[in-house]
Amino acid sequence: MMNTILADSFTDALAKLTNDEQKQVKLTAFDLQTDPDRPGLQFHRIEASKDPNFWSVRVNRDIRIIIHKTSDSVMLAYVDHHDAAYKWAERRRIEAHPRTGALQIVEVRERVEEITLRSEPRHQPDLPFIVPTVPDVSDLPLFSRLTSDQALSIGVPTDWVGDILAANEESFFTLANHLPREAAEALLEYAATGILNKPAPVDAAPVDHPDAQRRFRLLEGHEELAAALDQPFEKWAVFLHPSQRAIVARDFNGPSRVIGSAGTGKTIVALHRVARILREIPEARVLLTTFSEPLASALQQKLGVLFADDPRLAARVVIASFEQAAAELYALTTGRKAYRITRDKMRTLLRDTASAAGLARYTPQFLLSEWEHVIDAWQVDSVESYAVVPRMGRKNRLGSKQREELWSIFAEVRNQVHAKAMMTEADLFTAVTNHFAGSDRKPYTHVVVDEAQDLGVAELRFVRAIVPEQSDALFFAGDIGQRIFQQPFSWRGLGIDVRGRSYTLKVNYRTSHQIRRMADLLLPPSVRDVDGEEDNRKGTVSVFNGLEPTVVIAPTIEKEIEAASAFLLGLIDDGIQANEIGLFCRSNDELGRAAAIAKAAGLQTVSSLRNPAPPDACLMGAMHLAKGLEFRAVVVVACDEGVLPLSSRVADVADEFELDEVVASERQLLYVAATRARDRLFISAVAPGSEFLEDLTL
């Protein structure tokens with residue numbers, strides 16, 4: 001049987017067909033894989049193509065599959081209605097790049113009709129109160145210092161070298177759409193950093209080249225083809241970027257971590273890492289964990305796509321939030337359910353205990369902060385331990401007498417909580433940690449953590465305790481710049497040392513250049529954790545162009561509703577379905593404004609994605625709900641002064657250090673919400689608006 005190769009251009013095109021058309025295409029594809037020479041398939045050579053190996057295969061009266069047929073392989077290259085399919089093939093050829101050796105689908109330069117070196121005019125919706133956000137764009141050539149030889153060395157097809165060397169900032173994104181991705185990414189990185197990263201020589205067949213594997217996959221049988229075509233929109237399940245594949249495949253001699261800004265594929269690497277472990281180690285038992293149950297549910301769905309060819313693998317992986325995973329192990333080891341005390345009850349208990357002890361001079365804000373970030377986080381159990389526990393960066397320096405007074409409050413509070421058979425979240429993690437820390441029998445062989453930047457002290461100790469001391473048992477994926485729940489602390493101090501095994505992804509697949517560029521203004525260009533590991537955003541590139549984001553500062557709530565609903569209606573007119581839109585605000589207190597905007601636009605809303613949203617309903621919720629999700633368009637509303645940063649969080653801070661942390665995490669929350677958007681982003685406020693919006697506007 002001939003080799004069957006699947007191209008990502010085929011899965012992209014398949015996803016655009018109707019469900020009935022997709023079913024017919026899949027049946028024909030299976031026939032091609034089984035017997036590509038059977039007469040009933042009705043092959044026709046594409047005579048107008050410059051590549052003699054392009055053929056069309058009839059699916060029905062109108063749908064045609066474009067294949068690239070050689071003596072030993074059949075490639076599923078494209079599928080569309082008859083005329084569009086033929087036109088696609090006439091404008092392309094498939095060949096090994098003369099310099100890199102990677103197999104490429106190359107657009108024939110002279111066949112690209114009406115090519116222009118100017119991108120489409122920037123378009124802002126016709127809305128009132130828009131604040132300009134468009135940065136200046138240079139007309140100077142971006143790549144004037146590159147030679148033709150250098151352009152070839154990074155995979156630019158010969159046809160396009162001249163256009164690239166003459167391109168300016170405005171025209172480049174139009175040209176980038178015609179280039180193989182490795183060439184576009186290398187040029188984007190050069191434009192951002194001035195560094196041209198030439199790939200190392202690879203001794204491999206053209207289809208096995210690392211750059212080729214991001215767009216072509218050699219399929220082994222019907223099951224693998226069916227799995228690849230069942231979810232054609234989930235390209236990450238089939239095609240990986242070389243930088244992602246290298247991390248998935250690497251063996252580590254200790255805990256390892258992948259970091260990178262939003263949209264760079266950290267979660268994808270984590271999912272493929274889980275799949276690799278389960279496929280290669282029959283006795284492996286894996287916990288895939290993250291910070292929330294909704295995000296764990298999303299990971300479950302994505303991993304199901306990866307396991308479509310072997311669903312038995314799913315039986316050896318547990319997917320749960322940090323707290324859910326700990327609660328299940330607690331119930332398993334003790335036979336009891338963990339009952340949590342709420343934050344509001346803890347605040348009241350601390351206040352009342354301090355008042356009863358005659359220590360009301362310690363404010364409820366300070367007591368709650370000290371409890372959450374020091375006492376409970378580090379599970380301090382004595383005044384002696386309190387004297388030496390890290391109080392990283394906190395401005396309130398405590399003398400021995402103050403610590404003794406405070407400890408009398410905290411010790412009494414802890415006694416009262418335990419007397420009521422209640423637990424804090426940190427208590428829960430500690431109970432499970434203590435059970436497994438001294439045991440040779442561990443519940444898991446590996447733990448893979450997504451959104452690892454939101455692990456706290458107790459959670460990190462927990463994941464360390466539930467796996468054996470083997471070198472590669474722990475894998476973390478996260479973005480330091482998206483930390484919205486935890487204050488920083490030293491991982492190394494808890495025995496998790498990722499130095500030399502921390503890798504940064506730089507290619508953003510989810511978010512357009514314009515949205516990524518604006519969102520990055522909310523964060524510093526480089527973020528360093530307590531252990532000195534750096535997440536440097538400089539050099540991160542988006543692989544596609546889009547429209548500039550819209551920022552509206554309206555004089556009244558009514559005018560904001562008018563502008564935001566008009567934007568939503570414009571999205572629908574542009575063909576974006578309601579279930580491809582996320583509508584977010586800072587907290588539940590602002591949901592009424594968001595709901596009024598959806599109502600004015602005639603959109604239904606849902607508050608959860610646990611079940612697929614109907615096409616006429618968009619997801620609406622607080623910004624925290626957005627974490628880990630993605631949409632074609634995102635609308636963030638009510639970014640008012642006093643709302644972002646949230647005034648109640650500011651009022652709860654105990655010192656200047658904590659104020660800085662609160663403001664930073666609120667910035668990161670807006671960054672998280674904004675970077676859920678792929679193509680379109682709208683942010684609005686009532687004047688004067690959040691201080692953060694000043695960084696996004698001219």
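Quick note: residue numbers are just sequence positions, from 1.
- With respect to R516 and D520, a salt bridge is recorded, a charged nitrogen being found less than 4.0 Å from a carboxylate O.
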Hey, mind stepping through E630 and R676 against salt bridge (Lys or Arg N to Asp or Glu O under 4.0 Å) and telling me if it holds?
CA-CA 5 Å; E630 54 187 75; R676 303 308 96 186; over 6 Å; no
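- A heavy-atom distance below 4.5 Å is found between the side chains of S56 and I46.
- For the side chain to side chain contact (heavy atoms under 4.5 Å, CB included) with V25, the qualifying choice from V57, I63, D80 is I63, the only one to do so.
- Taking the side-chain contact (heavy atoms from CB on, under 4.5 Å) definition, one finds that A7 meets it with S9, M75, I105, F216, sequence neighbours left out.
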Show the numbers, then the answer: is there a salt bridge (Lys or Arg N to Asp or Glu O under 4.0 Å) between E185 and R214?
CA-CA 13 Å; E185 290 166 12; R214 69 166 78 186; 2.9 Å; yes
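- There is a side-chain donor-acceptor pair under 3.5 Å between T70 and S73.
- Checked against a 6.0 Å centroid threshold, the rings of W160 and H178 count as neighbours.
- Nearest heavy atoms, P242 versus P210: CG-O, 3.4 Å.
- Note on R276 versus E280: salt bridge recorded, some NZ/NE/NH1/NH2 to OD/OE distance being below 4.0 Å.
- Within a 6.0 Å radius of CG in D203, other residues, nucleotides and ligands contribute 12 heavy atoms or fewer.
- Classified by interplanar angle (parallel below 30°, tilted 30° to 60°, perpendicular above 60°), the ring pair F172/F143 is perpendicular.
- Of all heavy-atom pairs between F252 and D472, the closest is O-CB, 3.7 Å.
- A salt bridge links R109 and D163; the closest N-O separation between the charged side-chain nitrogens and carboxylate oxygens is under 4.0 Å.
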Does T264 form a side-chain contact (heavy atoms from CB on, under 4.5 Å) with I259? I'd like the steps, not just the answer.
CA-CA 9 Å; T264 52; I259 57 178; over 6 Å; no
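- With a 4.5 Å cut-off on side-chain heavy atoms, R58 and F43 do not count as touching.
- Residue L547 comes nearest to Q514 through the heavy atom pair O-CB, 3.5 Å, listed as atom of the first residue, atom of the second, then distance.
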After noting the C-alpha distance and the side-chain angles of L619 and I581, does the key distance pass the side-chain contact (heavy atoms from CB on, under 4.5 Å) rule?
CA-CA 7 Å; L619 179 71; I581 300 170; over 6 Å; no
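- Residues that satisfy the side-chain contact (heavy atoms from CB on, under 4.5 Å) test with L218, not counting sequence neighbours, are N3, I5.
- Side-chain contact, E189 with N197: a donor N or O sits under 3.5 Å from an acceptor N or O.
- A distance-only check finds a donor-acceptor pair linking the side chain of Q104 to the backbone of G155 [under 3.5 Å].
- Using a 4.5 Å heavy-atom threshold, the side chains of I154 and L187 count as touching.
- Between K26 and E21, no side-chain nitrogen of the basic residue sits less than 4.0 Å from a carboxylate oxygen of the acidic one, so the salt-bridge criterion is not met.
- Take Y78 and apply the ring-ring contact (aromatic ring centres under 6.0 Å, His included) test, not counting sequence neighbours, and it matches W88.
- Ionic pairing of R93 and D159 is present here: one or more N-O contacts between side-chain nitrogen and carboxylate oxygen are shorter than 4.0 angstrom.
- Residues forming a ring-ring contact (aromatic ring centres under 6.0 Å, His included) with H513 (at least two apart in sequence, or on another chain): F173.
- A donor and an acceptor atom, one from each side chain of R64 and H82, are nowhere located under 3.5 Å apart.
- The closest side-chain heavy-atom distance from L288 to L303 is below 4.5 Å.
- Scanning all heavy atoms of the two residues, the minimum distance from A673 to A626 falls at CA-CB, 4.3 Å.
- By the 4.0 Å N-to-carboxylate-O rule, E182 lies close enough to R215 to be salt-bridged with it.
- With sequence neighbours excluded, no residue forms a ring-ring contact (aromatic ring centres under 6.0 Å, His included) with F307.
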Run Y190 and I195 through side-chain contact (heavy atoms from CB on, under 4.5 Å) and show every step you take.
CA-CA 5 Å; Y190 175 80; I195 299 171; 5.8 Å; no
What verdict does the side-chain contact (heavy atoms from CB on, under 4.5 Å) test give for D149 and R99, after you've listed the backbone C-alpha separation in whole Å, the side-chain angles of each residue and the deciding distance to 0.1 Å?
CA-CA 9 Å; D149 188 70; R99 184 66 56 83; 2.8 Å; yes
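- With a 4.5 Å cut-off on side-chain heavy atoms, V449 and F475 do not count as touching.
- Ion pair R517/E548 flagged as a salt bridge, since at least one NZ, NE, NH1 or NH2 atom sits closer than 4.0 Å to an Asp/Glu carboxylate oxygen.
- Of all the heavy atoms in L583 and A598, the pair that sits closest is CD2-CB, 4.0 Å.
- Closest non-hydrogen pair, D8 versus T11, comes out as O-OG1, 2.9 Å.
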Take D574 and R632 through the salt bridge (Lys or Arg N to Asp or Glu O under 4.0 Å) test and state the conclusion after the steps.
CA-CA 11 Å; D574 288 345; R632 286 190 63 189; over 6 Å; no
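- Not a single ring-ring contact (aromatic ring centres under 6.0 Å, His included) links H81 to another residue, sequence neighbours left out.
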